Number of protein chains: 2
Amino acid sequence: MGLDTAAAKPHEKLARMLEGDMDAVGTMIRTRMASEHAPRIPEVTAHLVEAGGKRLRPMLTLAAARLCGYKGTDHVKLAATVEFIHTATLLHDDVVDESRQRRGRPTANLLWDNKSSVLVGDYLFARSFRLMVEPGNLRVLEILSDASAVIAEGEVLQLTAASDLATGEDVYLQVIRGKTAALFSAACEVGGVIAGAPAEQVRALFDYGDALGICFQIVDDLLDYGGATATIGKNVGDDFRERKLTLPVIRAIAAADESERAFWTRTIARGRQEEGDLEEALALMARHGTLDSTRATAIEWATTAKTAILALPASELRDVLHDLADYVVERVV
Amino acid sequence: MGLDTAAAKPHEKLARMLEGDMDAVGTMIRTRMASEHAPRIPEVTAHLVEAGGKRLRPMLTLAAARLCGYKGTDHVKLAATVEFIHTATLLHDDVVDESRQRRGRPTANLLWDNKSSVLVGDYLFARSFRLMVEPGNLRVLEILSDASAVIAEGEVLQLTAASDLATGEDVYLQVIRGKTAALFSAACEVGGVIAGAPAEQVRALFDYGDALGICFQIVDDLLDYGGATATIGKNVGDDFRERKLTLPVIRAIAAADESERAFWTRTIARGRQEEGDLEEALALMARHGTLDSTRATAIEWATTAKTAILALPASELRDVLHDLADYVVERVV
């Protein structure tokens, strides 16, 4: 990826190349989110939709379908489905994490209440399933319903692994593969499936999405210990305060001496955090180079993603997806 | 329906007639609830499964399919799907209602936490969709995904209507049609669809389930002001404390004089409840005969259900479904 800052970023290029399709996705999202009977539903969903987000996941579905030569219109429905699932999980995540900010704005659970977030999330899940049925492709339904189950499994695993110092890199990978990568890989895979692409291309799309999603989440977890609040709309140290075992911490714990281990036991396992603990955690991670090594791991996954996407036929769209993997490491898109 | 108490109750007869199928449903539920990766999931779901419940909804699916001459095995998957959706909504309802008891046992949100209930509910929703895809019948998928959306809409509507004295009988009907009847009607309808029954039979099954579900919920709401705690595993007056506008209250408010209206405004609209208010609410409902008139409305819906089911071919199973409608009025099954 070029470092020329004047050039459009990969996700911006992608948005431009898929502009017509993305407009159709936007219209479909607005139409299908509406609820005749319960006005609270469009209130909550409009809040989320207005807050924006880059809509990376639906773009992946559209790009995958186009990349495989798809000429129909069902990819728009699948892209909207993917965004619905994502929005539903955001609503529920913010309840579970007791988050107060999302994309730099107050969360729905703060503006309304947890109850509304739970129920509106359920509504969006149901609407996503209704929408994904329409193309009438059973393989697509299997992929997206499996992905939804894997997402929930990842979230539950994260919940039970939180504050458990025994959490290793294998469990961490399982968690992020579930909570984040499963929707990335499904988004890519269904694009190929709806296009009737050959099995090896569908597999390559899955692998690309899987690696991209893992990379995306590792970078997100890294930014939680380093990004600027203004940029990410999230406070540094949230994961630390929530006692989440992310890669930089897992590696710092693995390398800890006795006194460091006591620190992690107190702050993460027991949750007895004091003023200055976040700074100390950052110092320990710096001492063991775990922020750097985490970044290196993210770059490895970006490389895996890039390798996977090269199995698809050459095209401008493919090259943008290729560059997107590098971009994810540079900053969360 | 006979009043001979020695005779088996309709839901018990139904359970006996569908015994083999229900065993298969039970096995399928246990198998498909399991999660390889997140042990918290089977812990929570096992708690719910062990607590039992009459499994009325899956029996409706099995009975509807058999009633329409179905000879295959896909109805077992659909019945399990219906129970999964029901279980998922119970988990989320208990979070939303902040319930502490369900079927006479502590709720999952009390035993674990709200977070687990939200996420395990999501997992069950996703698994239900995965399971309903397997028979490969697109109409079934439309019905069940639509029902899931209508359930969530009903719950959201109930949330926004709570404590609002302007809530009328039309909104109440919409709420209970969503939160309860939608799954009853869908459960019946998909049984007919999977059996390839003619449109008028499928319609009759839908109408039966719709009326049965409405009747079921009206009786449930009535019992909240009159059933014995020991029998229903729920405390009398829960709805009053949660400021839910159910039929007996809606009718009492409609008939209220000025001082009664002040009572409802204080206790329901403003939520300033004091010792003795529940007794006063019960006295006002008795004064205006709203518990009796609510019971009469429930009986009307039972009659609607019975009329609908008679459109199906005569059989012992049909007669049991017919009697079930009366039984629902006599006591929540």
Side-chain angles (χ1 to χ4, degrees), chain A residues 35-41 43-44 85 88-89 92-93 95-98 112-134 136 138-142 144-161 171 174-175 177-178, chain B residues 35-41 43-44 85 88-89 92-93 95-98 112-134 136 138-142 144-161 171 174-175 177-178:
Chain A
S35 160
E36 207 183 317
H37 301 307
R40 172 70 52 89
I41 292 174
E43 280 169 37
V44 173
I85 296 174
T89 61
H92 287 184
D93 282 2
V95 170
V96 169
D97 290 345
E98 296 161 21
W112 288 274
D113 47 31
N114 280 343
K115 301 173 182 199
S116 297
S117 291
V118 169
L119 296 175
V120 174
D122 288 352
Y123 179 75
L124 289 180
F125 268 129
R127 295 298 281 166
S128 80
F129 282 105
R130 184 62 186 80
L131 195 52
M132 75 173 81
V133 170
E134 291 183 18
L138 290 169
R139 182 67 199 125
V140 157
L141 293 168
E142 289 170 358
L144 289 172
S145 55
D146 275 342
S148 301
V150 172
I151 292 169
E153 270 184 309
E155 300 274 4
V156 174
L157 189 59
Q158 172 170 272
L159 196 63
T160 51
V171 170
Q174 216 169 289
V175 166
R177 214 172 213 140
Chain B
S35 160
E36 205 185 316
H37 300 307
R40 172 69 54 86
I41 293 175
E43 280 170 36
V44 173
I85 295 175
T89 62
H92 286 183
D93 282 1
V95 171
V96 169
D97 290 345
E98 296 161 21
W112 288 273
D113 47 33
N114 280 342
K115 300 172 183 199
S116 297
S117 290
V118 170
L119 296 175
V120 174
D122 288 352
Y123 179 75
L124 289 179
F125 269 128
R127 295 296 281 165
S128 79
F129 282 105
R130 184 62 185 83
L131 195 52
M132 74 173 83
V133 170
E134 291 183 18
L138 290 171
R139 182 69 198 124
V140 158
L141 293 168
E142 288 171 359
L144 290 172
S145 54
D146 274 342
S148 302
V150 173
I151 293 168
E153 270 184 308
E155 301 274 4
V156 174
L157 189 60
Q158 172 170 271
L159 196 64
T160 51
V171 171
Q174 214 168 291
V175 166
R177 210 167 217 145

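To find a chain, count down the sequence lines: A is the first, B the second, and so on, and within it residues start at 1. Since the model is a prediction, treat every value here as computed from it, not as a measurement.
- Residue contact with chain A, scored on non-hydrogen atoms closer than 4.5 Å, involves the backbone and the side chain of B:V120 alike.
- The shortest non-hydrogen separation linking B:A149 to A:Y123 is O-CD1, 3.5 Å.
- Annotation: maximal heavy-atom pairing with chain A below 4.5 Å, among B:S116, B:A88, B:A126, B:G136, occurs at B:A126.
- Looking at heavy atoms from C-beta onward, A:K115 lies out of side-chain contact with B:Q158 at the 4.5 angstrom threshold.
- Heavy atoms of A:E142 lying under 4.5 Å from chain B belong to its backbone as well as its side chain.
- Each of B:T160, B:N114, B:I85 has some count of heavy-atom pairs under 4.5 Å with chain A, and the biggest count is that of B:T160.
- Remark: A:L119 CG to B:I151 CD1 distance equals 11.5 Å, nearest 0.5 Å.
- Neither the backbone nor the side chain of A:V44 comes within less than 4.5 Å of any heavy atom in chain B.
- When heavy atoms are compared at a cutoff of 4.5 Å, B:L159 approaches chain A solely by way of its side chain, counted from C-beta outward.
- Screening residues 145-155 of chain A for side-chain hydrogen bond (donor to acceptor under 3.5 Å, both in side chains) gives A:D146-B:R130, A:E153-B:S35 as the qualifying pairs, with residues at least two apart or on separate chains.
- Checked against ring pair (Phe, Tyr, Trp, His ring centres under 6.0 Å), A:F129 has the following partners two or more places apart in sequence or in another chain: B:F129.
- Chosen from A:D122, A:L157, A:V175, the residue pairing most often with chain B at heavy-atom distances under 4.5 Å is A:D122.
- With a 4.5 Å cut-off on side-chain heavy atoms, B:L141 and A:L138 count as touching.
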